[in-house]
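Everything below concerns the one structure shown next.
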Number of protein chains: 2
Amino acid sequence: MLDYAPDLDRVYQALADPGRRLMVERLSRGPASVSELGRPLEMSLAAVLQHVQVLEACGLIRSSKLGRTRTCSINPVALRVAESWIADRRTMVERRLDRLGEYLAKTADPPQPGKAVSATREKK
Amino acid sequence: MLDYAPDLDRVYQALADPGRRLMVERLSRGPASVSELGRPLEMSLAAVLQHVQVLEACGLIRSSKLGRTRTCSINPVALRVAESWIADRRTMVERRLDRLGEYLAKTADPPQPGKAVSATREKK
């Protein structure tokens, strides 16, 4: 019964950190080297590399090394999977609330002109 | 520069657990009591309550107590916020890849009938 999809666990875990979200944000605009990714973050290159590894392990980014430079790029598929899980639940909730609204609108007493709320109550 | 929005940190952290995702899944179909939420999970009521508190603290669910029963319901607003952050990045990536595709299609040499790849190379 439990949705143990390891990717979702790790993708949401990765996105729960503001530094990693900033990296994803940067990579959404195009590939970047690890040192470029670290520039706006006040942390050591080792710490940046650790975040990069978390993002790569869950599939949100890919990286390749050429000489001494590791270049990272985003993987839109992982973004889509993480988005879909939430979107499916949000759609389910909104449809249910819409149906509830329609039901309440149908079953509500139609407003009777000239009659106050107290009069409606007396009728019951 | 860092996106320190505490809600996003906590919402993604909450969604990184399969048990909590199962609770969100259940609540998407309608309100439920804490014991109902715990039924498919093999854990103590105390552990279930702890997960409920994590979900409530980040705004994904709301709960209210009537007598001895605590009833939980989903908050679609928090789902929408979590979905939007990912959707905005995914859209950005896809637009960039589309533009790149168009650029490559425009700048590519049109295929020349009767000429092999080696012939194209000789031309340069």
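Every value quoted in this text rests on a predicted model; they were computed, and no experiment measured them.
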Co-membership, hydrophobic cluster, residues [X] and [Y], 4.5 Å side-chain:
X       : Y       : value
B/Leu97 : A/Leu60 : yes
B/Val81 : B/Ile61 : yes
B/Leu22 : B/Val52 : yes
B/Val54 : B/Met43 : no

Only pairs of heavy atoms separated by less than 4.5 Å count here; which of [options] has the most with chain B?
options                   : answer
A/Arg95, A/Glu25, A/Glu42 : A/Glu25
A/Val24, A/Val93, A/Leu27 : A/Val93
A/Met92, A/Arg29, A/Arg90 : A/Arg90

- prompt: What's the spacing between A/Asp9 CG and B/Arg20 CZ if we round to 0.5 Å?
  reply: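 So the gap between those two atoms works out to 9.5 Å.
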query: How long is the span from the CH2 atom in A/Trp85 to the CG atom in B/Leu79, to the nearest 0.5 Å?
result: 7.5 Å
query: Within the distance-only criterion (no hydrogens, no angle test), does the side chain of B/Arg96 pair as donor or acceptor with the backbone N or O of A/Ser28 below 3.5 angstrom?
result: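 Yes; at least one donor-acceptor contact below 3.5 Å.
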A/Leu104 CG: over 12 foreign heavy atoms closer than 6.0 Å: yes
- prompt: Would you say B/Tyr12 and A/Asp17 make side-chain contact, with heavy atoms under 4.5 Å?
  reply: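 They are not in side-chain contact.
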query: Checking heavy atoms, do the side chain of B/Glu94, its backbone, both or neither come under 4.5 Å from chain A?
result: side chain
query: Quick one: what part of B/Leu15 sits under 4.5 Å from any heavy atom of chain A, side chain, backbone, both or neither?
result: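 Interface part for B/Leu15: both.
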